[in-house]
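Take a look at the structure below.
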Amino acid sequence: MDTYDADGITLERVEEYIWEIPQEGEMNTPARVLASEELLDQIADDKTLQQLKNSTQLPGVQQHAICMPDGHQGYGFPVGGVAGIDAEEGCISPGAVGFDINCGVRMMTTNLSYDDVQGHEEELVESLFANVPSGLGGGGVVESDVETVEEILDRGVEWALDEGHAVEDDLAHCEDEGRRPDADPAVVSQKAKDRGKNQIGSLGSGNHFLEVQRVTDVFREGVADSYGLSADQIVVLIHCGSRGLGHQVCTEYTREVEQAHPELLDQLPDKELAAAPAGSQLAEEYYGAMCAAINYAWVNRQLIMDRTRQVFERVFDRSWEEMEMNLLYDVAHNIAKKEDHEIDGEERELYVHRKGATRAFPAGHEEVPRAYRDVGQPVIIPGSMGAGSYVLRGGESSMETTFGSTAHGAGRTMSRTQAKDEFWGEDVQDELRGQKVYVKAQSGATVAEEAPGVYKDVDEVVRVSDELGIGDTVARTFPVCNIKG
Ligand SMILES: Nc1nc2c(ncn2[C@@H]2O[C@H](COP(=O)(O)O)[C@@H](O)[C@H]2O)c(=O)[nH]1
Ligand SMILES: [Mn+2]
Ligand SMILES: [Mn+2]
């Protein structure tokens, strides 16, 4: 098949897994979808393609707006969308970053094997659920005041290090070492800071989770070795973001940008893409506030990891150091960052918007942590509570194909409302128990909304990423215990 028609949008096949919406009309560039035909059928099932096409009208968008293999419809811009936009002559769009600023994942390795954990699953899941705050609303690992929130917004994981919630190695194994230097707490509103005060170290609801997993497959032995991964090993995956604080930042700046830049808004086919022109005061302020929320999210995941280490110490009666509970890596998947990329043979500074997409820098890139520079940065792609999750490494082709990015998950195939019509929480939980997966959630509705059946086939998503050379598979894991907000 050389073309694909979906609701008035025609895509042309450029390569086996690259489909292009050609530039026409008001589009500034073409758009590309990276998918197999099976995934494209699912991607084309909602407004993803129209949203992707719309996003090429953002001023300064370079090369093409891109949809990753796990893409689905989002607020204005698809989840799974990547856009590299000129940081001098283009714009920055809060909707193309997402409401949960720096939603992301971190994986911690251990020296425990699956055998060590069997028989303890129930105690582990109960203890994690009791000790790691989750669900909508308040309550975090630490209660704090606005001054502390401001310090977190400014210093990120360095704050956690000083407070005894982190060790030096944790910082070395985090994207940007857990701190965006461009953060400006002064442009984060009082309301956002207030929302952040009592949620530091909390999972939040629904799609966010903490999962104990075992490594089931290793695909690239050498890279897995560098990452400290081996078959049958127990690892822990933490997925959450910047909670109410990040949401508030996105909400307020979206509104401000709409009001302050109506001329730009008028050029766009969808108000949800509202953007601030590069160089404007509002672009700088949003960037500073977003970077501050990024720091908050890194501290959030750090505190949850710290608490997880304590829970393991109690359940297994050993220190976390003895269990070698080390951070493999922490990657953001809702972010915009100023990065230098080669465009038509010239280096340009871009706002790389990755919304539901993961940075995937290859071996040799100077921003890959020293420990992984020879093999490429770790990329973590969760699947679902009933499917595999993956560790990849940034692929050789990622810089020219996707501004150094790949997928961030399996990606939803249905809305939460549809999911609740289709699945019943207790049935899903029983089915998972049959597969030796122990799940504890705030409600049955959460389990239904997050049933494995609501997600695409993660194996197919990472296969496409691997075939394209943007993110290469290193290891696969499967859930053992899962707590959900
Ligand atoms: N291993 C698990 N993966 C999960 C679970 N719930 C969701 N997911 C995957 O995470 C991504 C995250 O996407 P986001 O857009 O919500 O940030 C999602 O696409 C799923 O593939 C889980 O319980 N365990
Ligand atoms: Mn999130
Ligand atoms: Mn997320």
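Order of listing sets the numbers, starting from 1, for every ligand and every atom in it. From a predicted model like this one, the values you see are computed outputs, not experimental measurements.
Considering T473, D459, D217 in turn, D459 is the only one that fulfils the side chain to side chain donor-acceptor pair (under 3.5 Å) rule with Y390. Residue H173 forms a ring pair (Phe, Tyr, Trp, His ring centres under 6.0 Å) with just one option from Y372, Y227, W298, and that option is Y372. Residue Q302 is tested with R307, R106, H165 for a side chain to side chain donor-acceptor pair (under 3.5 Å); the sole match is R106.
Of the protein's non-hydrogen atoms, Y455 CE2, 3.4 Å is the one closest to atom 18 (C) of ligand 1. In terms of protein heavy-atom proximity, atom 5 (C) of ligand 1 is nearest to F209 CE2, 3.3 Å. Distance from atom 16 (O) of ligand 1 to its nearest protein heavy atom, with residue and atom name: N207 ND2, 2.6 Å. The protein atom (non-hydrogen) at minimum distance from atom 24 (N) of ligand 1 is E211 OE2, 2.8 Å. Here the heavy atom of the protein found nearest to atom 15 (O) of ligand 1 is H408 NE2, 2.7 Å. Of all protein heavy atoms, the one lying nearest to atom 19 (O) of ligand 1 is G411 N, 3.1 Å. Atom 9 (C) of ligand 1 has as its closest protein heavy atom G383 O, 3.3 Å.
Salt-bridge formation is not detected for the pair E252/K191: no Lys NZ or Arg NE/NH1/NH2 atom is positioned less than 4.0 Å from an Asp or Glu carboxylate oxygen. Note on D182 versus K338: no salt bridge recorded, every NZ/NE/NH1/NH2 to OD/OE distance being 4.0 Å or above. Ionic pairing of R220 and D466 is present here: one or more N-O contacts between side-chain nitrogen and carboxylate oxygen are shorter than 4.0 angstrom. Using a cut-off of 4.0 Å between Lys/Arg side-chain N and Asp/Glu carboxylate O, K337 and E367 are scored as not salt-bridged.
The closest approach between a heavy atom of V458 and any atom of ligand 1 is not below 4.0 Å. Residue contacts with ligand 1 do not include R412, since none of its heavy atoms lies under 4.0 Å from the ligand.
Pairs passing the ring pair (Phe, Tyr, Trp, His ring centres under 6.0 Å) check and including a residue from residues 101-134, sequence neighbours excluded, read H120-F316.
In this structure, H72 and T413 have side chains that are not in contact, with every pair of non-hydrogen atoms separated by 4.5 Å or more.
S202 and R243 are linked by a side-chain donor-acceptor pair at a separation below 3.5 angstrom, with hydrogens and angles left out of the test. For the residue pair N482 / E211, a side-chain donor-acceptor distance below 3.5 Å is found, with atom types taken as modelled. The closest side-chain donor-acceptor pair between T109 and Q233, if any, does not fall under 3.5 angstrom.
The proximity of N334 to ligand 1, defined as any non-hydrogen pair under 4.0 Å, does not occur for either the backbone or the side chain.
When each atom of ligand 1 is checked for a heavy atom of E450 under 4.0 Å away, the hits are 6 (N), 7 (C). The S389 neighbourhood of ligand 1 comprises atoms 1 (N), with distances under 4.0 Å to a heavy atom of that residue.
Polar contact check, P382 against ligand 1: a nitrogen or oxygen pair lies under 3.5 Å apart.
Around the Mn ion (ligand 2), the protein N, O or S atoms found under 2.8 Å comprise D100 OD2, C103 SG, H208 NE2.
Annotation: E431, atom CD; neighbour count of heavy atoms from other residues, nucleotides and ligands within 6.0 Å does not exceed 12.
Heavy-atom proximity to atom 3 (N) of ligand 1, evaluated over G409, A387, S384, A451, is greatest for S384. Summarising the contacts of atom 6 (N) of ligand 1 with K484, M385, H239, the nearest heavy atom is found in K484.
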